[in-house]
Amino acid sequence: HVEILQTLLPDILGGQEVNAVMQQLLVAGCVEKGLPYTLIWGSMTPILYRSDKLELLDQEFLPYPEEMEGFAGIFNDCYSKACNIGVFRVKEDGKVFIFATTHLWWMNGSDPANKRYREGSDQVRMLQLKMANAKIEAYRVRYGNCPVILVGDLNTDYRSQAIQYALTE
């Protein structure tokens with residue numbers, strides 16, 4: 001991963017399912033190679049950005065709840081389901097944008113024949129996206145309706161209600 005960063009030098013990167021050890025190794029590798037990256041910890045959804053190009057203005061980590069009212073079971077296994085939000089200013093031109101990386105619940109909620117089916121999973125993904133959107137919208141209000149980049153492990157089909165909601169909101 002460090003070699004890829006060194007080759008491509010992206011301004012910003014969002015991770016999902018990146019545990020603390022992986023984050024430490026990534027940061028250590030960047031330091032060893034002299035790469036200008038700063039890590040924003042977010043449990044298993046970190047943000048890595050080029051501090052030579054971007055200034056962090058604000059940040060919030062939003063863990064999704066384990067249980068969702070009205071649905072049986074746990075919907076945040078390993079505490080990896082969350083959204084990490086950063087508000088950045090581009091040092092070169094002063095433009096502000098919001099970058100969010102999320103990891104949504106993974107089980108199938110639309111096909112009871114699927115071995116990974118759990119009732120309510122589709123609705124939980126939608127609720128998780130609505131939680132993330134509410135936080136993102138609060139930052140858009142605070143920082144002048146700036147553009148938003150949302151990346152992540154959305155764990156659903158493009159045609160799903162959750163993805164269509166994300167695209168329209």
Side-chain angles (χ1 to χ4, degrees), residues 1-68 73-108 115-116 118 121 124-125 127-129 131-136 138-140 143 146-158 160 162-163 166:
H1 288 96
V2 173
E3 288 176 14
I4 292 169
L5 287 171
Q6 187 174 24
T7 300
L8 300 177
L9 292 172
D11 291 348
I12 195 162
L13 183 71
Q16 304 83 38
E17 297 186 49
V18 183
N19 68 32
V21 172
M22 294 173 182
Q23 291 178 53
Q24 289 174 333
L25 290 171
L26 186 58
V27 168
C30 287
V31 169
E32 181 180 308
K33 298 286 186 181
L35 300 176
Y37 287 101
T38 298
L39 182 91
I40 302 172
W41 181 89
S43 184
M44 294 179 72
T45 53
I47 296 173
L48 193 69
Y49 71 96
R50 286 188 56 173
S51 53
D52 63 330
K53 292 184 134 191
L54 302 173
E55 174 188 3
L56 179 65
L57 302 177
D58 223 326
Q59 185 271 333
E60 185 164 349
F61 175 66
L62 171 66
Y64 298 131
E66 281 187 280
E67 297 176 359
M68 294 290 224
I74 299 296
F75 292 95
N76 193 349
D77 54 336
C78 307
Y79 302 104
S80 69
K81 310 309 181 271
C83 185
N84 200 3
I85 303 165
V87 181
F88 296 90
R89 181 185 343 263
V90 179
K91 289 182 177 180
E92 184 177 66
D93 62 15
K95 292 182 180 174
V96 175
F97 69 95
I98 297 169
F99 183 89
T101 183
T102 191
H103 186 200
L104 302 180
W105 177 246
W106 62 278
M107 293 188 96
N108 182 295
K115 69 179 182 177
R116 300 196 187 278
R118 167 149 341 134
S121 291
V124 165
R125 267 188 295 281
L127 291 170
Q128 290 171 335
L129 277 175
M131 291 172 68
N133 186 52
K135 292 288 184 184
I136 290 167
Y139 285 108
R140 287 188 80 215
Y143 288 96
C146 59
V148 176
I149 300 165
L150 173 67
V151 300
D153 187 346
L154 305 176
N155 278 314
T156 191
D157 184 88
Y158 177 79
S160 73
I163 298 301

Summary of salt bridge (charged side-chain N to carboxylate O under 4.0 Å, His left out) pairs that have at least one residue in residues 20-42, sequence neighbours excluded: none
With sequence neighbours left out, the residues meeting salt bridge (Lys or Arg N to Asp or Glu O under 4.0 Å) with Glu55 are Arg89
Over all atoms of both residues, closest heavy-atom pair of Leu129 and Ala166: CD1-CB, 4.1 Å
How long is the gap from SG on Cys30 to CZ on Arg50, to the nearest 0.5 Å? 11.0 Å
Kindly give the heavy-atom pair with the smallest separation between Gly14 and Val151, and that separation in Å. CA-CG2, 4.3 Å
Are Leu54 and Val90 packed together at the side-chain level, in the sense that at least one heavy-atom pair is separated by less than 4.5 angstrom? yes
Test side chain to side chain contact (heavy atoms under 4.5 Å, CB included) on Ile12 and Phe97; report intermediate values, then the result. CA-CA 12 Å; Ile12 195 162; Phe97 69 95; 4.3 Å; yes
Distance from Ile74 atom CD1 to Met107 atom CE, nearest 0.5 Å? 12.5 Å
State, yes or no, whether a side-chain contact exists between Phe88 and Leu57 at a heavy-atom distance under 4.5 Å. no
Does the side chain to side chain contact (heavy atoms under 4.5 Å, CB included) test come out yes or no for Leu104 and Thr156, once each step is laid out? CA-CA 9 Å; Leu104 302 180; Thr156 191; 5.5 Å; no
In short, Arg118 meets Trp105 closest at the heavy-atom pair NH1-CZ2, 3.4 Å
Can you check side chain to side chain contact (heavy atoms under 4.5 Å, CB included) on Leu26 and Val18, steps first, answer last? CA-CA 10 Å; Leu26 186 58; Val18 183; 5.6 Å; no
To the nearest 0.5 angstrom, please state how far the SG atom of Cys83 sits from the CG atom of Leu150. 6.5 Å
Is the backbone N or O of Ser43 less than 3.5 Å from a side-chain atom of Gln23, with the two atoms forming a donor-acceptor pair by type? yes
As a quick check of understanding, evaluate side chain to side chain contact (heavy atoms under 4.5 Å, CB included) for Gln6 and Leu35, giving each step before the final call. CA-CA 7 Å; Gln6 187 174 24; Leu35 300 176; 4.1 Å; yes
Between the CD1 atom in Ile136 and the SG atom in Cys146, the distance rounded to the nearest 0.5 Å is 10.5 Å
Pair listing, ring-ring contact (aromatic ring centres under 6.0 Å, His included) test, anchored in residues 21-42, at least two apart: Trp41-Phe61
Short question: side chain of Gln128, backbone of Tyr64 - any donor-acceptor pair under 3.5 Å? no
Between the main-chain N or O of Gln16 and the side-chain N or O of His103, is there a donor-acceptor pair closer than 3.5 Å? no
Rounded distance (nearest 0.5 Å) linking atom CG of Asn108 with atom NZ of Lys115: 12.0 Å
Could you pull out the closest heavy-atom pair between Ile47 and Asn84, with the gap in Å? CD1-O, 3.5 Å
Tyr139: partners by ring-ring contact (aromatic ring centres under 6.0 Å, His included), with sequence neighbours left out: none
Would you please name every residue forming a ring-ring contact (aromatic ring centres under 6.0 Å, His included) with Phe99, sequence neighbours left out? none
Only pairs at least two apart or in different chains count here, so list each salt bridge (charged side-chain N to carboxylate O under 4.0 Å, His left out) that has a residue in residues 8-27. Asp11-Lys53
Within the 4.5 Å heavy-atom criterion, are Asn76 and Pro65 side-chain neighbours or not? no
Least distance between heavy atoms, Leu39 atom then Pro46 atom: CD1-CB, 3.8 Å
Trp106 and Asp153: side-chain donor and acceptor closer than 3.5 Å? no
What one should report as the nearest heavy-atom pair of Thr101 and Gly152 is OG1-CA, 4.3 Å
CD1/Ile85 to CD1/Ile98 distance, rounded to the nearest 0.5 angstrom? 8.0 Å
Answer yes or no: is there a side-chain heavy-atom contact under 4.5 Å between Val87 and Val96? yes
